[in-house]
Amino acid sequence: MLRLARSRLDRVAEYCAVGEETLIRLSYPRRTLSATIPLRRDDGDLMMLKAWRCQFNDLLGPTKGGIRFHPGVNIDEVMTLAFWMTLKTALAGLPYGGAKGGVQVDVTDFSTMELERLSRGYVAAFASILGPDTDIPAPDMYTNAMTMAWMSDEYSRTGRGNPLATFTGKPVSRGGSEGRSGATAQGAYYTFNRLREELDLGDENLRVAVQGFGNAGRKFCELMSADGHRIVAVSDSSGAVFNDDGLNVEKLAEAKRQEGSVTAFSGSGIQTRNADELLKLDVDLLVPAAIPNVINAETVGSVAAKAILEIANGPVHPEADTSLSDRSVAVIPDLLANAGGVIVSYFEWVQNRTGDYWSADTVKDRLEKRINASADAMHRASRDHDLDLRDAANLVALQRLSKASQSLGTQVDYT
Ligand code: NAD
């Protein structure tokens, strides 16, 4: 997985002068620590859980990336995600490198006490390599603000550096930032608006389909709907709902909250269908906001959307990218489209270090400025080198990493 992800950079480096040493540096994770976390279940059973933290690259600053609790976690996935974080923070212009962490565990039947023990156990295993100036975790799959509060609390017991600035995505009442919980959707919304003109989608309100109605997907629907766009389809893991006249997002969210699925939403003009049908809709904008690789060699042929905005990480498989590009379907890549979370995490870290806390409006304003600057840089690279947006995003990130690498000296300086 890591080799495939890393090879994507070679084709970009071919076009433009990116130092060879940068590519070499980005071929090897700087440090990956493995641990086994002993976890006592509520019934007395003892589990021994595999866990990792990878700090992929710190050329631009301390490393940053989430921690996930998921049965599919493995060392290759952790390293690949840490590699992508290295590119994401570089593209967003943040003073961070990339990291990721995870525990191989299914927590769906865990009690709150078990989740707390696991979170504290993770910190006990990895505290020696975490810190505000070295590596700063955040929430990811099956971890949340409360996980970060437990972790920060556990870290404070070790007597090491600033425990608030060592974890981001914390509750606002424990040093979190205003605007962090909705930051990913907000960032995706700003990204879309900044690039809309370039996508050739016209001035009319758009027809939008969103796969995944979780934290990010739901908030994105709310923002788009408030601007007058029509959310014509939404799905979650149990199915999809469609309405060509547009779904009422507020009522849909209420139905999901009460019944646990979007398919519980009913009314005039609303149809329920298989979740996969959503990908085939002829819409202006398709927004995968659920799981990776949903648009792949098999499904890409039936994608009829004019443009795709990637809120999920890696929803378009590399094999499908070429086909979309050949058909002029613009893909706004995850590297920028879902960077709102890490950007506001950076704001949280700054606030924790200075003790100066910002209003929700200040956070939104600064997020929009950062997203716009990154979107403009990506678009310029795309236009100047005739690259699709994903390659352009990789190029901008690579150029920033290359400059930092070269400032430490290259072969020329030493011979
Ligand atoms: P979430 O768990 O809150 O929501 C995920 C949603 O996807 C759920 O509604 C789930 O039912 C749905 N889903 C799962 N499988 C599906 C399928 N096969 N078809 C349709 N829907 C399906 O997660 P989230 O926080 O909203 O994150 C969504 C995606 O965005 C993930 O890929 C995540 O990695 C990415 N992302 C999230 C953040 C963030 O801050 N939330 C940041 C960066 C990237």
Side-chain angles (χ1 to χ4, degrees), residues 64-70 72-73 77-78 80-81 84-85 87-89 91-92 98 100 102 107-108 137-145 147-148 168-170 176-177 179-189 191 209-223 233-242 249 252-253 255-257 259-265 272-281 286-296 299 309-316 332-348 367 371:
K64 183 97 193 76
I67 297 171
R68 58 176 56 179
F69 296 161
H70 193 270
V73 168
E77 182 189 80
V78 170
T80 309
L81 291 167
W84 278 328
M85 281 305 295
L87 299 178
K88 189 180 290 186
T89 51
L91 175 64
K100 205 76 181 188
V107 293
T108 49
D140 198 80
M141 283 164 77
Y142 292 98
T143 53
N144 55 27
T147 319
M148 294 302 116
T168 61
K170 303 178 297 295
S177 175
R180 174 62 181 82
S181 62
T184 299
Q186 194 79 43
Y189 169 77
T191 305
V210 179
Q211 182 193 46
F213 200 63
N215 291 333
R218 187 190 60 246
K219 172 85 179 162
F220 183 76
C221 287
E222 285 167 12
L223 291 167
V234 161
S235 64
D236 63 16
S237 50
S238 31
V241 280
F242 295 72
V249 176
L252 174 63
K256 165 117 180 159
R257 224 180 340 264
E259 305 291 332
S261 169
V262 294
T263 54
F265 189 47
T272 306
R273 294 192 215 156
N274 185 303
D276 297 342
E277 294 290 308
L278 180 138
L279 294 178
K280 302 175 188 164
L281 282 185
L286 173 64
V287 186
I291 51 174
N293 290 332
V294 287
I295 301 174
N296 50 43
T299 58
L309 177 72
E310 296 184 329
I311 289 187
N313 279 315
V316 177
I332 304 179
D334 50 1
L335 217 54
L336 179 62
N338 69 23
V342 72
I343 293 173
V344 178
S345 267
Y346 162 65
F347 295 163
E348 182 176 335
L367 172 62
I371 290 280

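Each ligand, and each atom within it, is numbered from 1 in the order the structure gives. All of these numbers come straight from a predicted model, not from anything done at the bench. Side chains included, hydrogens not; waters and symmetry mates left out as well; all remaining heavy atoms used.
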Quick one: which ligand 1 atoms are inside 4.0 Å of a heavy atom on [X]?
| X | result |
| --- | --- |
| Asn313 | 32 (O), 34 (O), 44 (C) |
| Ile291 | 15 (N), 18 (N) |
| Gly212 | 6 (C), 7 (O), 12 (C), 21 (N) |

Query raised in the report: What do you reckon, is CZ of Phe265 surrounded by more than 12 foreign heavy atoms closer than 6.0 Å?
Result: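 Yes.
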Query raised in the report: How close does the nearest protein non-hydrogen atom get to atom 36 (N) of ligand 1, and which residue and atom is it?
Result: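 For atom 36 (N) of ligand 1, the nearest protein heavy atom is Ile311 O, 3.9 Å.
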Query raised in the report: So which protein heavy atom does atom 23 (O) of ligand 1 come closest to, and at what separation?
Result: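 The closest one turns out to be Asn215 N, 4.5 Å.
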Does [X], backbone or side chain, put an N or O under 3.5 Å from an N or O of ligand 1?
| X | answer |
| --- | --- |
| Asn338 | no |
| Ala290 | yes |
| Ser237 | yes |

Query raised in the report: Nearest 0.5 Å, what's the CD1-OG distance between Ile291 and Ser237?
Result: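 Reported value, rounded in 0.5 Å steps: 9.0 Å.
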**Report entry** ring pair (Phe, Tyr, Trp, His ring centres under 6.0 Å) against Phe242, all qualifying residues, sequence neighbours excluded
**Finding:**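 Here no residue qualifies.
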Residue pair [X] / [Y], side-chain heavy-atom distance below 4.5 Å:
| X | Y | value |
| --- | --- | --- |
| Val344 | Ser177 | yes |
| Ile295 | Leu286 | yes |
| Val287 | Phe220 | yes |

Query raised in the report: Does ligand 1 have an atom under 4.0 Å from some heavy atom of Lys256?
Result: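 Distance cut 4.0 Å: Lys256 passes for ligand 1.
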Query raised in the report: Heavy-atom contact under 4.0 Å between Ala216 and ligand 1?
Result: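 In this structure, Ala216 qualifies as a contact of ligand 1 - some heavy atom is under 4.0 Å.
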Report task. Please identify each residue that fulfils side chain to side chain donor-acceptor pair (under 3.5 Å) with Thr89, with sequence neighbours left out. Result ->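 Counting only residues at least two positions away or on another chain, Thr89 forms no side chain to side chain donor-acceptor pair (under 3.5 Å).
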Query raised in the report: Can a donor-acceptor pair be found between the side chains of Arg68 and Thr143 at a distance below 3.5 Å?
Result: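 Arg68 vs Thr143: no donor-acceptor pair found between side chains.
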Query raised in the report: Which of these, Gly314, Ala275, Ala337, Gly214, has its nearest heavy atom closest to atom 8 (C) of ligand 1?
Result: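 Looking at heavy atoms only, Gly214 sits closest to atom 8 (C) of ligand 1.
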**Report entry** Selected option - heavy-atom contact closest to atom 9 (O) of ligand 1, from Phe213, Phe220, Tyr142
**Finding:**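 Checking each option, the heavy atom nearest atom 9 (O) of ligand 1 is found in Phe213.
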**Report entry** Distance flag for atom 26 (O) of ligand 1, protein heavy atom under 4.0 Å
**Finding:**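 Yes, there is a protein heavy atom closer to it than 4.0 Å.
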Query raised in the report: Taking heavy atoms and a distance under 4.0 Å, where does Thr184 meet ligand 1: side chain, backbone, both or neither?
Result: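 Contact part for Thr184 vs ligand 1: side chain (C-beta onward).
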Query - Residue part near ligand 1, for Ala289, under 4.0 Å between non-hydrogen atoms - result: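 Answer for Ala289: backbone.
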Query raised in the report: Which heavy-atom pair separates Ala290 from Ala312 by the least distance, and what is that distance?
Result: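 For Ala290 and Ala312, the tightest heavy-atom pair comes out as N-CB, 3.6 Å.
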Query raised in the report: Could you go step by step and tell me if Glu310 and Asn338 meet the side chain to side chain contact (heavy atoms under 4.5 Å, CB included) rule?
Result: CA-CA 7 Å; Glu310 296 184 329; Asn338 69 23; over 6 Å; no
